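Below is one structure, written out as structure tokens; comments come after it.
Everything quoted here is computed from the prediction, not taken from an experiment. Below, read A as the first sequence line, B as the second, and so on, with proteins coming before strands; counting in each chain starts at 1.
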2 protein chains.
Amino acid sequence: MLSHAASHIDSSRPAISSRRASPAQNPDVGGVPKQHPLIDAMHMMGATMSFPSETEIFGEGEAADYAYQVISGGVRTYKILRDGRRQVAGFYLPGDIFGLDFQDDHTVSAEAITDTKVVVVKRSMLMTLAGRDPVIGRELLNVTGSELRRVQTRMLLLLKSAEERVAGFLLEMAERASGGNVVELPMTRRDIADYLGLTFETVSRTLRGLANKAAIEVTAPRRIVLRNWSALRLLNA
Amino acid sequence: MLSHAASHIDSSRPAISSRRASPAQNPDVGGVPKQHPLIDAMHMMGATMSFPSETEIFGEGEAADYAYQVISGGVRTYKILRDGRRQVAGFYLPGDIFGLDFQDDHTVSAEAITDTKVVVVKRSMLMTLAGRDPVIGRELLNVTGSELRRVQTRMLLLLKSAEERVAGFLLEMAERASGGNVVELPMTRRDIADYLGLTFETVSRTLRGLANKAAIEVTAPRRIVLRNWSALRLLNA
DNA sequence: CGAAACATTGACAACTTTCAATTGCCGTGG
DNA sequence: CCACGGCAATTGAAAGTTGTCAATGTTTCG
């Protein structure tokens with residue numbers, strides 16, 4: 001059994017609002033949801049669990065027995081480096097699948113950023129399913145491929161200047177959360193800094209810099225309005 | 001048909017010397033090679049092609065119709081940024097599979113670093129095979145998982161200082177090429193710099209610094225001997 | 001309302017890049 | 001065989017960017 005002291009298993013099965021796990025741009029137009037055997041299977045077989053804000057979902061080095069999908073809230077995965085620095089490996093928003101390490105042990109830790117609901121399913125069961133049903137296997141491959149692309153994109157981001165990194169981060173968040181021009185950040189400046197490999201002071205200064213250029217507007221610390229997408233994309237290229 | 005002016009299709013089918021594509025630590029002990037359906041399939045169905053040094057294998061934005069495995073030589077994938085900077089996305093050594101983008105178009109360009117032989121196979125055929133044979137599907141998933149881990153490792157590297165990046169790079173190359181303490185670099189300082197997000201001057205200075213600390217020895221510009229692994233690993237965190 | 005955490009801002013230090021010059025390596029042709 | 005030319009690599013000095021340390025302002029939440 002999972003031993004998450006801070007969590008509890010919900011009896012209800014909330015409908016998922018987004019299906020980001022499959023190739024991103026896939027709006028369910030017309031009200032009739034498309035078939036997503038992998039996600040359907042996860043919801044069929046999995047348990048829904050809740051994690052309060054700032055609680056651990058799994059730790060680095062623990063057995064990677066389960067895979068997760070975010071239902072609501074947000075999750076960050078991270079590593080603590082020997083010198084004490086923290087590297088955020090990724091943020092996961094509703095619809096995203098995480099914990100799918102292809103090793104026996106989790107290579108990162110995972111925490112709820114805010115109060116979060118996830119669906120949990122045995123990884124071995126997913127693998128068995130994938131072995132039986134090529135469609136599910138193919139979907140798993142797609143999910144992994146998406147994750148790979150996302151990591152590669154971020155890797156390329158880390159090669160660039162602070163301004164370019166922050167711009168890229170804002171664009172990524174805007175696309176993933178898709179709230180139009182307004183980006184609601186569920187995470188702190190330090191989270192962002194650890195994600196981008198900067199200090200939180202530099203993140204703060206860079207945001208101000210972008211605001212001074214009229215590329216963005218910081219209406220509240222966690223609420224940023226994108227004013228000039230092309231300027232941001234120029235930095236992204 | 002592939003339209004690589006600079007390449008030609010070989011009639012011979014050279015035996016592969018390494019099987020890095022499968023979970024890395026998998027030496028074929030006992031002389032009898034293990035079964036690798038994915039690789040076997042690639043060699044069965046694929047054509048062997050040669051690319052002279054510094055020639056393009058595919059370009060960013062081209063249709064991603066083919067997947068490749070390096071037989072001999074070396075390959076780099078990269079992006080050119082609008083401002084002219086080049087970002088090297090990855091190096092591929094014999095045994096490595098590349099071009100497996102999970103999109104319609106290649107997200108990076110690929111070039112032969114030195115004279116290089118590769119096996120080429122239709123990506124759609126791999127996918128069809130994977131749909132029919134869960135074992136191959138599983139292997140594809142493993143290859144992708146390995147790539148994912150490698151990218152994640154490099155991502156962590158990019159957060160660190162120049163010295164730590166260069167040390168990490170040397171360790172990665174030493175492990176992948178596994179020529180004992182001697183690392184033969186097929187790429188230039190500029191390639192390394194573009195891979196690590198540094199300038200070639202910094203790479204050069206850092207190598208000297210490591211040499212001064214007796215951690216390495218630069219016996220020739222492209223030939224580096226690792227003298228003190230634990231010192232390098234300490235930098236690796 | 002008040003405390004704690006989060007965020008911003010400034011000054012200075014450290015590291016990396018940029019610009020410039022020099023050295024070393026290697027293949028070609030005399 | 002050696003000289004030359006071209007590219008890669010090294011090295012130095014100055015400039016720029018980001019990190020560090022410190023102080024202050026702001027939001028959130030009990």
Side-chain angles (χ1 to χ4, degrees), chain A residues 52-54 74 76 81 83-88 111 113-115 157-170 183-213 216-224 235, chain B residues 52-54 76 81 83-88 113-115 157-170 183-213 216-224 235:
Chain A
S53 183
E54 301 299 319
R76 66 171 165 252
L81 304 181
D83 61 10
R85 279 175 308 177
R86 181 187 65 162
Q87 166 57 18
V88 172
E111 283 177 354
I113 299 176
T114 63
D115 291 354
L157 210 59
L158 292 181
L159 297 167
K160 304 197 255 186
S161 72
E163 190 174 48
E164 293 170 306
R165 293 188 214 185
V166 173
F169 170 76
L170 291 176
V183 183
E184 297 282 355
L185 300 173
M187 71 290 282
T188 67
R189 294 285 186 273
R190 180 175 292 280
D191 285 335
I192 300 171
D194 289 348
Y195 180 72
L196 295 177
L198 301 169
T199 61
F200 61 88
E201 293 99 327
T202 299
V203 171
S204 188
R205 276 188 255 270
T206 305
L207 285 173
R208 165 141 313 282
L210 290 173
N212 286 341
K213 288 184 183 177
I216 65 171
E217 215 171 307
V218 186
T219 58
R222 304 284 182 96
R223 184 190 189 82
I224 292 175
L235 289 171
Chain B
S53 184
E54 301 300 320
R76 66 172 166 251
L81 272 49
D83 62 8
R85 280 176 304 175
R86 183 187 63 164
Q87 294 186 335
V88 171
I113 300 175
T114 62
D115 291 354
L157 209 59
L158 294 181
L159 300 167
K160 304 196 256 185
S161 70
E163 190 174 49
E164 293 169 307
R165 294 188 212 185
V166 172
F169 170 76
L170 291 176
V183 182
E184 297 281 356
L185 300 172
M187 71 288 283
T188 67
R189 294 286 188 272
R190 178 174 293 280
D191 285 333
I192 299 171
D194 290 347
Y195 181 72
L196 295 177
L198 301 168
T199 61
F200 63 89
E201 293 100 324
T202 299
V203 171
S204 187
R205 277 188 254 271
T206 305
L207 285 172
R208 164 142 314 282
L210 290 174
N212 286 342
K213 289 184 183 176
I216 64 171
E217 214 171 306
V218 185
T219 58
R222 305 283 182 96
R223 185 191 189 82
I224 291 174
L235 289 172

One thing to verify: whether [Y] and [X] come together as a salt bridge, which I'm taking to mean a side-chain N less than 4.0 angstrom from a carboxylate O.
X       : Y       : result
E54(A)  : R76(A)  : yes
R85(B)  : E164(A) : yes
K160(B) : D83(A)  : no

Supply the atom-to-atom distance [X] [atom1] to [Y] [atom2], rounded to the nearest 0.5 angstrom.
X       : Y       : atom1 : atom2 : value
L158(B) : R165(B) : CG    : CZ    : 6.0 Å
R189(B) : T202(B) : CZ    : OG1   : 13.0 Å
M187(B) : F169(B) : CE    : CZ    : 4.0 Å

Handout entry: Given DNA chain D, 5'-ward residue of the pair E163(A) and P221(A), judged by closest heavy atom
Key = E163(A)

Handout entry: Whether over 12 other heavy atoms sit under 6.0 Å from R190(A) CZ
Key = no

Practice task
Considering only heavy atoms of chain B and a distance under 4.0 Å, specify the first and last nucleotide of DNA chain D in 5' to 3' order that meet this criterion.
Solution key: dA8(D) to dA13(D)

[atom1] of [X] versus [atom2] of [N]: gap in Å, rounded?
X       : N       : atom1 : atom2 : result
K160(B) : dC15(C) : NZ    : P     : 17 Å
E54(A)  : dC6(C)  : CD    : P     : 8 Å
R222(A) : dA5(C)  : CZ    : P     : 14 Å
R190(A) : dA4(C)  : CZ    : P     : 18 Å
R189(B) : dG24(C) : CZ    : P     : 15 Å
M187(A) : dA5(C)  : CE    : C1'   : 18 Å
R85(B)  : dT17(C) : CZ    : P     : 11 Å
L159(A) : dT16(C) : CG    : C1'   : 14 Å

Fill in the blank from the handout: Nearest heavy-atom approach of L207(A) to I216(A) is O-CD1, 3.6 Å

Exercise for the section: Any chance you could lay out the salt bridge (Lys or Arg N to Asp or Glu O under 4.0 Å) test for E163(A) and K213(A), step after step, and finish with the verdict? Expected result: CA-CA 12 Å; E163(A) 190 174 48; K213(A) 288 184 183 177; 2.6 Å; yes

Practice task
Could you identify which residues of residues 191-199 of chain A place a heavy atom less than 4.0 Å from some atom of DNA chain D, listed by residue number, or say none?
Solution key: G197(A), L198(A), T199(A)

Handout entry: Exam field: side chain D194(A) to backbone D191(A), donor-acceptor pair closer than 3.5 Å
Key = no

Exercise for the section: For T206(B) and A162(B), indicate whether the former's side chain and the latter's backbone hold a donor-acceptor pair under 3.5 Å. Expected result: no

Problem - DNA chain C-proximal residues of residues 200-211 of chain A, any heavy atom under 4.0 Å - result: F200(A), E201(A), S204(A), R205(A), R208(A)

